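Protein chains get the first letters and strands the later ones, always in sequence-line order, with residue 1 at the start of each. Since the structure is predicted, the reported quantities are computational estimates derived from the model, not experimental observations.
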Amino acid sequence: MAEKSAKEAASSLDFIRTIIEEDIKVNKNDGRVHTRFPPEPNGYLHIGHAKSICLNFGLAREYKGLCNLRFDDTNPTKEEVEYVDSIKEDIRWLGFDWKDREYYASDYFETLYGYAIQLIKAGKAYVDDLSADEIREFRGTLTEPGKESPFRNRSIQENLDLFERMRAGEFPDGARTLRAKIDMASGNLNMRDPVMYRILRASHHRTGNDWCIYATYDWAHGQSDSIEGITHSICTLEFEGHRPLYNWFIEQLGIFPSRQIEFARLNLSYTVISKRKLLQLVEEGQVSGWDDPRMPTISGMRRRGYTPEAIRDFCDRIGVAKRESTVDIALLEHCLREDLNRRAQRVMAVLRPIRLVIDNYPEDKLEMLEAVNNPEDESMGTRKVPFSRILYIEREDFREDPPKKYFRLAPGREVRLKHAYYVTCKNVIEDDNTGEIVEVHCTYDPETRGGWAKDGRRVKGTLHWVSADHAIDVEVRLYDHLFTLEDSSNVTEGTDFKDYLNPRSLETLTDCKMEPSLKDAAPGDRFQFLRQGYFCADADSTKEKLVFNRTVSLRDTWAKIEKALKTKG
RNA sequence: UGGGAAGUCGUCCAACGGCAGGACACAUGACUCUGGAUCAUGGAAUCGGGGUUCGAAUCCCUGCUUCCCAGCCA
């Protein structure tokens with residue numbers, strides 16, 4: 001049995017785990033597995049990063065290896081400590097721990113500088129005086145080879161001198177670069193003498209003004225991996241073309257050979273996953289911030305009410321491959337519902353209230369009815385919910401003229417009030433001017449206390465409700481997909497991704513009524529509002545008024561039926 | 001027209017020369033004090049064309065499509 005499951009597991013390894021197991025088998029790197037998660041602190045982490053985090057930390061866990069956290073902080077013009085802090089918080093929240101292995105590419109600036117001198121001495125790097133524009137012109141195009149810079153063949157001595165003076169700040173920003181001397185005719189543009197250092201006078205969040213030259217990604221990343229002894233350096237597909245350069249630097253330097261492996265980044269339907277685009281939404285005020293509950297950021301999802309377990313489960317389920325793909329956001333929502341269904345306490349809240357008066361229920365009577373907290377988990381116990389003559393029910397749970405298959409309340413209909421009694425609708429009161437229904441009148445059957453009829457008669461509908469006198473007023477924010485476009489890479493010519501922002505992605509309901517047991521809910525507390533969805537108390541809550549985010553709705557079979565009925569005519 | 005990579009149900013991932021399988025989504029039914037959950041059932045795919053082979057999603061050839069690369073971003 002165990003053998004079989006091991007076999008099954010072995011037969012469904014993704015390509016990265018296949019590589020790792022082969023490496024372990026031949027005892028490469030002494031069988032060591034050491035990965036790293038290398039964010040640039042220039043924005044908040046998103047669900048795409050979660051995929052990478054789960055992969056890198058997960059691999060380390062599975063193969064009894066290590067995973068470092070390394071900030072790729074080589075561009076001081078874009079990076080900030082705010083981002084460093086948020087990234088650490090998000091990784092921890094997701095459930096991963098890098099222990100004391102918190103590194104920064106900036107930790108290696110001095111080592112990198114030494115490596116650069118080593119390359120210059122080997123005649124493999126040179127100081128170039130060409131401007132950015134000139135470098136571009138000299139690079140050639142996709143189909144034509146580039147031209148060598150006139151400064152390419154300076155003497156080693158001159159290069160050493162110039163590079164030292166670059167560091168010393170003798171030249172203005174952009175005046176010179178250090179370039180690797182490789183091949184200006186390479187079909188791979190990354191190999192056409194890539195820039196290793198640029199002169200940039202910007203204050204760095206960690207090194208301050210110590211440096212005025214900064215390593216580029218290509219020069220910093222692989223060497224940082226090597227310095228840390230990273231065995232498997234996992235990155236996304238767009239770096240595939242950089243791999244020859246990654247390997248070239250390591251070979252020329254003769255340092256530990258980390259291996260770069262590329263996988264397809266995550267795309268999700270009805271949203272965008274790109275730090276650049278997310279930053280734009282934040283800066284333009286299209287959302288309230290990086291942690292807007294509609295954002296696919298880790299902080300946004302946390303505020304929305306997502307659990308780390310659901311996110312990790314999602315990352316496990318989507319798998320890892322080299323094919324570019326767009327995962328249906330419904331899978332993410334499924335993982336969320338599955339987790340929340342297990343753990344969320346059920347409560348009753350009426351989002352769009354309408355008064356329901358039970359005419360034959362004594363005016364001054366109050367009953368405390370017992371309600372199960374979670375039918376999926378008996379250990380979560382029960383609570384008492386106040387019941388009285390005047391209640392609120394959901395406006396959409398009453399129809400004066402019910403369509404087919406509608407089995408909620410309607411004139412003459414009997415339904416169950418969850419945990420309470422059967423009630424039968426007798427009449428409604430309408431507003432004289434607008435004709436809008438303002439009150440539904442019912443009678444209740446005292447013999448059905450608790451929701452059971454002694455005579456065994458059944459009702460088709462069960463409604464949630466709250467007692468009007470005891471309800472607390474809350475605000476509820478309903479969220480929908482941030483974008484109306486399923487595939488964000490599919491924007492039609494001449495339009496921008498922001499043209500597809502969903503105008504209905506946020507609906508705020510300010511007149512919601514909730515059972516009093518929740519009055520002390522704290523931000524982050526999650527609940528299932530019976531028959532509606534999972535909700536999470538928001539940080540905007542005050543002592544006067546709680547605010548809840550709808551994390552995700554419950555599956556709504558009736559909505560589907562109704563939609564089908566409507567489209568049929 | 002250069003270099004690199006990828007094409008399997010609607011979507012995502014498997015199958016590594018031997019019955020194309022799972023999950024989500026969808027549909028149908030059962031059950032239910034949440035039209036939730038749960039359970040059962042069903043439809044649904046190997047980019048095209050050649051070839052090798054007893055046998056091809058898998059190997060070979062060829063065509064097509066898509067993605068990445070011309071930052072002193074990562």
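Checked against the 6.0 Å centroid threshold, A/Tyr217 and A/Phe239 count as a close aromatic pair. Not less than 6.0 angstrom separates the ring centroid of A/Phe483 from the ring centroid of A/Tyr270.
What separates CZ of A/Arg342 from C1' of B/A37 is a distance of 12 Å, to the nearest Å. One atom, OH of A/Tyr270, and another, P of B/A25, lie 14 Å apart when rounded to the nearest Å. Following rounding to the nearest Å, A/Asp556 (CG) and B/A25 (P) show an atom-to-atom distance of 14 Å.
Counting any heavy atom pair closer than 4.0 Å across all strands shown, A/Ala132 reaches a base atom.
Across the strands present, B/G2 finds its partner in B/C69; the criterion is a Watson-Crick or G-U wobble pair with both atom distances under 3.5 angstrom. With a cut-off of 3.5 Å on both pairing distances, the Watson-Crick or G-U wobble partner of B/U41 is B/A27.
The side chain of A/Val327 lies closest to B/C12 when the candidates are B/A74, B/C12, B/G2. Closest to the side chain of A/Glu238, out of B/C72, B/A74, B/A37, is B/A74. Between B/C69, B/G36, B/C72, one nucleotide has an atom nearer to the side chain of A/Asn190 than all others, and that is B/C69. Here the side chain of A/Glu376 is nearest to one of B/C24, B/C72, B/A37, namely B/A37.
In this structure, A/Arg408 and A/Thr74 both approach RNA chain B, and ranking their closest nucleotides by distance from the 5' end singles out A/Arg408.
Taking the centre and axis of the six-membered ring of A/Tyr44, the NZ or CZ atom of A/Lys275 falls outside the cone set by 45° and 6.0 Å.
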